[in-house]
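Here the structure is laid out as structure tokens; the discussion comes afterwards.
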Amino acid sequence: MRITVLGSCGAWPSAGGSCSGFLVEHEGFRLVMDLGHAAFPRLLEHSAPHGVDAALFSHGHPDHCADLNPLLRARAMVDTPPPALPLYAPPGELAAVLALDRPGMLDEAYRLHEFDPGERFAIGPFDVTTRLLPHSRPNAGIRLEGGGRSLVYTGDTGPSPVIAELARGADVLIAEATYAEEMPADLAGELSTARQAAGHAARARVGRLLLTHLWPGSEPQAFIEAAGRAWDGEVAIADTGMVIDLD
């Protein structure tokens with residue numbers, strides 16, 4: 001299993017950066033997991049649009065799914081379109097981004113498979129486990145397993161014991177950490193800090209922790225230090241372009 005970070009900014013992309021997006025490859029299958037603002041150009045550095053086999057989304061906020069639109073356009077608006085792209089998302093979460101173009105324009109470019117967080121299913125060579133995690137709209141925590149390796153991604157989430165349950169023994173936990181240690185009161189329960197993410201990693205005994213969804217303009221070292229106060233394991237920022245080869 002190979003993981004490529006396409007973007008990790010929260011809310012909006014920083015200069016030269018991009019929002020949440022990950023390319024996960026296994027046995028020649030390419031799965032996109034979230035694709036927020038400006039993540040599509042980063043995807044093109046690793047795959048042609050027709051080279052993507054499926055796309056999986058945690059939830060429908062635009063910093064996690066806005067660049068699905070250019071991906072579908074790039075597949076549909078060519079002389080010989082590839083087969084429809086399978087899309088997986090919680091019910092209704094892709095409705096807004098799929099409605100951006102004129103009615104019918106992209107209908108043949110995708111096939112939508114909606115799932116209720118808590119369901120398990122397969123996408124290509126991946127076994128997928130999902131759990132509902134707390135956020136301002138329905139958000140699916142995702143566990144991918146394949147070839148004896150495992151990756152867990154929280155999407156956006158407030159603190160929850162479900163995170164450690166989902167991530168138990170995972171090789172990699174990609175955890176939302178919008179703030180380092182101090183969470184604004186109005187966002188408590190909807191987003192997480194680096195220190196909280198590290199606490200989940202410690203309880204789950206994961207192999208390594210990647211912090212993502214940092215607020216634009218944040219100082220990364222502050223997040224590493226905050227995480228280190230809750231866990232003594234391997235922690236890094238999910239920098240755009242980072243590649244992790246679990247094989």
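Heads up: numbering here begins at 1 and tracks the sequence.
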Where is the tightest heavy-atom contact between [X] and [Y], given as atom of each residue plus distance?
X	Y	answer
P86	A84	CD-O, 3.4 Å
A180	F223	N-CE2, 3.5 Å
P134	P159	CG-O, 3.9 Å
D67	A39	OD2-N, 3.1 Å
H37	P13	CB-CD, 3.7 Å
G7	T240	CA-OG1, 3.6 Å

Cluster overlap [X] with [Y], hydrophobic side-chain contacts below 4.5 Å:
X	Y	value
V5	L23	no
L87	F40	yes
F115	L132	no
M242	I3	yes
L211	Y179	no

Using side-chain heavy atoms (C-beta onward) and a distance below 4.5 Å, is [X] in contact with [Y]?
X	Y	value
S20	Y153	yes
D156	H59	yes
I163	T157	yes
L71	N69	no
T130	R120	no
M1	D245	no
R2	I244	no
E45	T4	no

Do other residues, nucleotides or ligands put more than 12 heavy atoms under 6.0 Å from [X] [atom1]?
X	atom1	value
D232	CG	no
R168	CZ	yes
E182	CD	no

Nearest-0.5 Å distance that lies between atom [atom1] in [X] and atom [atom2] in [Y]:
X	Y	atom1	atom2	value
F22	L144	CZ	CG	11.5 Å
I174	T212	CD1	OG1	7.0 Å
T80	H50	OG1	NE2	11.0 Å
L98	M105	CG	CE	12.5 Å
D116	E119	CG	CD	5.0 Å

With a 3.5 Å distance limit and no angle check, can you tell me whether [X] reaches the backbone of [Y] through a side-chain donor-acceptor pair?
X	Y	value
E93	G60	yes
D53	L31	no
S8	A238	yes
E225	A222	no
D63	W12	no
R149	L246	yes
E181	A226	no
R229	A198	no
S47	L44	no
E219	Q221	yes

Hydrogens and angles aside, do [X] and [Y] bring a side-chain donor and acceptor to less than 3.5 Å of each other?
X	Y	answer
H64	D34	yes
R42	S18	no
H213	T178	yes

Between I123 and F29, does the side-chain contact (heavy atoms from CB on, under 4.5 Å) criterion hold? Intermediate values first, please. CA-CA 9 Å; I123 301 178; F29 192 95; 4.0 Å; yes
Between the side chains of [Y] and [X], is the shortest nitrogen-to-carboxylate-oxygen separation below 4.0 Å, so that they form an ion pair?
X	Y	value
R208	D171	no
R203	E165	no
E108	R111	yes

Look at the aromatic rings of Y88 and H113 and report parallel, tilted or perpendicular, splitting at 30° and 60°. parallel
Taking it one step at a time, do L43 and V32 satisfy side-chain contact (heavy atoms from CB on, under 4.5 Å)? CA-CA 9 Å; L43 173 63; V32 167; 4.1 Å; yes
List the steps, then state whether side-chain contact (heavy atoms from CB on, under 4.5 Å) holds for V162 with L133. CA-CA 7 Å; V162 175; L133 296 179; 3.7 Å; yes
Single hit among I142, V152, L173, T154 for side chain to side chain contact (heavy atoms under 4.5 Å, CB included) with L166: V152
Would you mind telling me which of L209, L151, V206 makes a side chain to side chain contact (heavy atoms under 4.5 Å, CB included) with V172? L151
Assess the residue pair H26 and F126 against the criterion (side-chain contact (heavy atoms from CB on, under 4.5 Å)); give the C-alpha distance rounded to whole Å, side-chain angles, the decisive distance to 0.1 Å, and a yes or no. CA-CA 8 Å; H26 181 55; F126 297 103; 3.5 Å; yes
